[in-house]
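What follows is a set of notes on a single structure, which appears directly below.
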Amino acid sequence: MKFTKSYGPEEFEPQIYREWEESGAFLPKKQAIQSCEDETDGSYSIVMPPPNANGNLHIGHGLTIAIEDSLARYYRLRGRSTWYIPGADHAGFETWVVYERALEKEGHSRFEYSRDELYARVWDFVEQQRGNMELQVRALGASCAWTDLTFTLDENVVSRVYQTFERMWNDGMIYRGEKLVNFCPKHQTAFADIEVDYREEKAPLYYIKYGPFTLATTRPETKFGDTAVAVNPNDERYQEWVGKTITVEGVNGPFEVEVIADEMVDMEFGTGVVKITPAHDFNDWEVGQRHNLRVVQVIDEEGKMTEAAGRFAGMPVQEARKAVVKAMKEMGMIVKIDENYVTKVPHCYKCGAVIEPMLKEQWFIDVKRLAREAIKHLDDNEIKFYPSSKKRVLIEYLKNLKDWNISRQIPWGIPIPMFRKTALASSSASSSSLDALLSRRMSNTSPSATPDSLNKLEDQRRFCEQEHAPDAPEWIFDTRTNLPEIEVGGVKYVRDEDTFDTWFSSSQWPMVCTDYLEGRENAYYPLNVMETGADILFAWVARMIMMGVYTTGEVPFREVYLHGLVLDAHGKKMSKSKGNVVNPIELVTKYGSDAFRLGILRGRSAGMNQAFSENSVVAGRNLCNKLWNISRFIQGMVDESKSGSVEAMEIAQAEMKAEIVNEGQVRAGAELPYSTDNMGEDWICRQLTACKEKLEDDFANYRFAEAVERVTATIWDEYADWFIESQKIYKNIPLLKVTLEMILKILHPFAPFVTEAIWRSLSWTDGLLMMQKWPPRLKFDPISAENFDNLVAVVVEARRVLNELSVASKGKRYGLLYGDDALVDDNGLLVASLAKVPSIASCEGQPKGLRLAVANHEVYLDVPQEVVTKHREVLEERILAVGRELDALNLRMTNPNYVDKAPAKLVQQTRDGIKEKEELIARLRKELEVI
RNA sequence: GGUUCCUUAGCUCAGUUGGCUAGAGCGUACGAUUCACAUUCGUAAGGUCAUUGGUUCGAGCCCAAUAGGAACCACCA
């Protein structure tokens with residue numbers, strides 16, 4: 001294939017990806033056969049946090065995939081049987097919101113359909129939308145095993161979830177509880193605490209008359225649900241009232257409440273008196289539990305006032321608040337209003353509606369045991385965290401974890417496999433009345449649910465149970481969730497209509513993806529690493545650890561790498577409303593997949609929220625093009641050498657050996673088919689080997705910022721700028737080939753497409769680059785490599801001085817002269833070429849011009865005497881500068897503690913430095929004298 | 001209110017167990033150019049590493065305090 005003048009990613013990416021995928025290179029088993037000889041043999045497993053199956057990727061996905069795929073490709077090159085497992089999320093609530101909106105647009109409502117109908121409809125809806133996400137993951141180059149893609153509603157996921165749920169149910173860790181839950185009136189579902197979005201808002205704080213007290217509240221409309229008034233037990237102002245029942249004037253007439261004492265009350269806030277509304281406030285609920293208070297529901301599931309609000313019944317909460325305040329004002333019950341009070345109001349994280357705490361029966365997981373076990377494994381350091389600080393944060397979270405509400409009232413999800421005994425089997429009057437009572441209670445249309453009425457309900461149920469199936473349990477576990485009703489042992493049960501919280505199934509992701517089976521050996525579980533966003537440490541990582549430990553007895557992954565948020569170019573959070581959202585796929589289209597990956601990884605470190613701008617993608621694109629042109633140039637040299645060169649035979653032999661290497665049959669450390677013939681070649685072998693080894697360390701420690709910077713610098717600043725330049729003078733075709741292959745391999749994890757595109761365009765390579773072996777160390781002569789360092793120093797100094805003279809000399813070009821200097825004598829042509837000077841010659845014992853300030857080398861720039869004289873000042877300045885450095889070193893040596901305590905190597909280095917600087921100064925002085 | 005993190009060049013960020021002259025990309029200035037690459041090459045300018053104190057032979061890094069910023073958790077009615 002011919003190399004075009006610049007690299008065009010769009011010409012290669014789709015085709016290369018297809019070939020990778022079709023070759024089976026993404027599948028772990030295929031790789032294992034080819035790389036069985038590598039010393040780092042073993043398996044490597046990593047899962048992709050499943051993106052929304054019917055959504056589009058955002059910048060965070062771009063970062064996740066760039067990180068994960070770099071890891072996967074690196075370990076694959078290292079010879080590990082690598083399994084990068086992709087996933088797709090049914091995204092329960094997100095998808096449901098989108099679907100419900102679509103339904104509403106068509107003029108329908110969810111209440112027109114049964115749950116099964118809705119489930120089927122959403123399934124079709126998702127099916128239609130699906131595929132975009134997967135195409136985008138491909139565009140980013142993810143080397144994941146597509147045939148193993150797991151969708152969060154797949155059969156194996158559901159069966160694992162049911163298995164776990166059943167075990168927990170049998171272990172008594174699951175209970176049905178009536179508790180206050182966060183409830184979105186718009187979406188009619190409960191939320192976990194972590195799904196609630198608190199926003200700071202101004203809310204007037206009303207000081208109202210309340211019997212003998214004045215108290216402050218932001219929610220006067222809940223007054224109808226007040227069943228007590230509380231003060232702090234230590235508050236002397238109100239001691240006399242504690243335990244007494246007071247009469248309170250209300251907008252619907254007077255009512256009586258008890259005065260209680262509870263530690264929860266902050267004496268400093270407001271007047272130190274709090275009205276207690278157990279049905280609509282979490283704190284009040286807890287107070288109510290402690291003091292056995294009645295629970296009166298005044299807000300229903302649609303966010304409207306219930307019958308308990310009397311003439312305000314049916315009003316939406318906001319409206320009712322205004323109406324109640326107005327009525328209170330008229331009755332003179334409002335003492336004052338603090339309009340500037342700011343509080344945090346809970347909102348639905350999706351639709352923004354105000355969340356109402358609501359009394360609901362839900363399924364809960366008792367998390368005590370789960371959390372305790374998880375903490376034990378964390379304390380034993382079984383999981384390594386990047387950044388390490390997150391481990392402590394996680395343990396702290398687990399210590400304070402509250403019971404986990406796993407029920408959601410949306411149809412799009414995994415049905416909860418629980419069935420409730422029903423008395424509907426017969427047509428008896430008592431059972432239908434129970435049903436009515438039950439359904440009324442479930443939907444909370446009853447004005448109040450006091451302990452009294454609950455007890456009545458219990459009594460009635462017991463009565464029915466005795467009649468119909470006295471010994472049958474109220475709830476049974478059964479996986480036949482496709483049926484709305486089942487019969488077990490002659491007793492009828494109806495399905496619970498709720499679905500699982502997404503995190504309940506996601507928490508089992510590592511087991512599900514790796515096909516974990518109890519008692520069976522599994523090389524891929526635990527995962528080697530869990531890579532995800534730091535923002536879901538609690539929601540996901542914590543739960544995976546708890547559930548993994550519970551089910552398998554071991555942690556689900558060995559390491560956790562958490563990435564931070566990708567912020568916009570100015571460090572601001574990206575959001576649709578700000579309009580600063582960056583679409584990763586647009587960048588891929590514009591600059592190529594590799595450019596995007598290099599750009600987003602540049603300067604990225606664990607756990608940090610970091611800014612991202614298109615500039616870094618441009619830099620990535622430039623690197624790809626640079627590498628392309630390096631390859632084009634080398635291919636050109638290879639082609640040239642083939643046509644009629646005298647060394648054709650020699651090269652052909654070397655190539656035969658090279659091919660053997662390419663087939664991956666040579667063990668690491670075996671002879672590579674090259675020899676180094678000059679110091680530039682030894683030098684590049686040293687530099688590439690060092691780079692490769694540092695990269696290995698970077699990967700082991702997830703230092704992506706440094707890895708990208710290092711490999712870029714090695715390819716550009718060392719390989720291209722010095723080695724390739726030097727090869728314009730001395731061509732070593734076998735070494736050019738070996739080293740080019742090496743840089744392709746070390747860049748491949750980050751920039752898979754361009755490296756693969758080059759690999760296939762080169763005349764001597766074959767197969768897929770992604771299936772090659774990570775390069776071994778290169779052999780080199782260290783003394784020779786060091787000589788090249790010296791030569792570089794001479795060239796850099798020559799360039800610097802030439803540049804300084806460039807304005808004055810107006811385009812005049814000067815040659816170089818050298819004295820007693822073997823290095824320069826032997827490499828004159830190379831020095832002249834690198835320094836871009838027209839000539840270089842021995843000064844024949846007659847030094848003239850401007851001597852370059854390089855230690856141990858005698859090289860002159862052949863400039864006229866007047867230029868030298870002009871340069872006198874520069875020389876003097878330089879003597880002073882070196883003198884300052886020398887003083888600093890000397891000062892260090894005069895400190896006896898330094899000589900005693902610092903490592904000997906360091907002290908020796910200082911001594912050498914002093915010697916070198918002294919010599920330099922002496923020489924510069926001499927030069928000054930000559931002038 | 002609690003926890004964690006951040007403060008390094010004009011901008012965005014690296015900087016490993018403390019070690020000599022603190023790096024990169026972009027930007028800026030000057031220069032180059034048929035001969036792989038203008039998506040190029042060369043050179044340079046730009047930093048009291050937030051502040052103050054401490055530990056140490058030695059601190060951007062460790063400790064303490066202060067100032068500013070961010071994220072997460074909790075939710076004061």
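Residue numbers begin at 1 in each chain, while the letters A, B, ... track the order of the sequences.
A:I630 comes within 4.0 angstrom of a base, heavy atoms only. Nucleic acid contact class of A:A902 (heavy atoms, under 4.0 Å, all strands): base. Looking at heavy-atom distances under 4.0 Å, A:P387 makes no contact with the nucleic acid at all. Residue-level contact check: A:R703 touches the bases, meaning some heavy atom is under 4.0 Å from a base atom. At the heavy-atom level, A:T218 lies under 4.0 Å from the strands shown only through sugar-phosphate atoms. Here A:N701 lies out of heavy-atom contact (under 4.0 Å) with every strand. At a threshold of 4.0 angstrom between heavy atoms, the contacts of A:N895 are confined to the sugar-phosphate backbone, with no base atom among them. Note on A:E725: a base of the nucleic acid sits closer than 4.0 angstrom, heavy atoms only. Among the protein residues, A:R621 comes within range of the nucleic acid bases, having at least one heavy atom under 4.0 Å from a base atom. Within the nucleic acid shown, A:A569 comes within 4.0 Å of sugar-phosphate atoms alone, with no base atom in reach, counting heavy atoms only. Heavy atoms of A:T343 sit under 4.0 angstrom from primed sugar atoms or phosphate atoms, though from no base atom.
For the pair A:K728 and A:F633, the cation-pi test (distance below 6.0 Å, angle within 45°) is passed. For the pair A:R290 and A:W285, the cation-pi criterion (under 6.0 Å, within 45° of the ring axis) is not fulfilled. A:K344 forms no cation-pi arrangement with A:Y198, by the criterion of a distance under 6.0 Å to the ring centre and an angle within 45° of the ring axis.
For the ring pair (Phe, Tyr, Trp, His ring centres under 6.0 Å) test, no residue two or more places apart in sequence or in another chain qualifies with A:Y210. Under the side chain to side chain contact (heavy atoms under 4.5 Å, CB included) criterion, A:K384 pairs with A:Y386, A:E559, not counting sequence neighbours. With sequence neighbours excluded, no residue forms a salt bridge (charged side-chain N to carboxylate O under 4.0 Å, His left out) with A:D281.
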How would nucleotides 67-73 of chain B be written as a contact map, 5' to 3', with B for base contact, S for sugar-phosphate-only contact and - for no contact, using protein heavy atoms under 4.0 Å?
-> ---SSSS

Which atom pairs link the protein and nucleotides 21-24 of chain B when you take only N or O atoms and keep those under 3.5 Å?
from  : atom 1 : to     : atom 2 : distance (Å)
B:A24 : O4'    : A:E709 : OE2    : 3.2

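Helical stems in RNA chain B, defined as runs of 3 or more consecutive Watson-Crick or G-U wobble pairs with both donor-acceptor distances under 3.5 Å, are listed by first residue as B:1-7 with B:67-73, B:10-13 with B:23-26, B:28-32 with B:40-44, B:50-54 with B:62-66.
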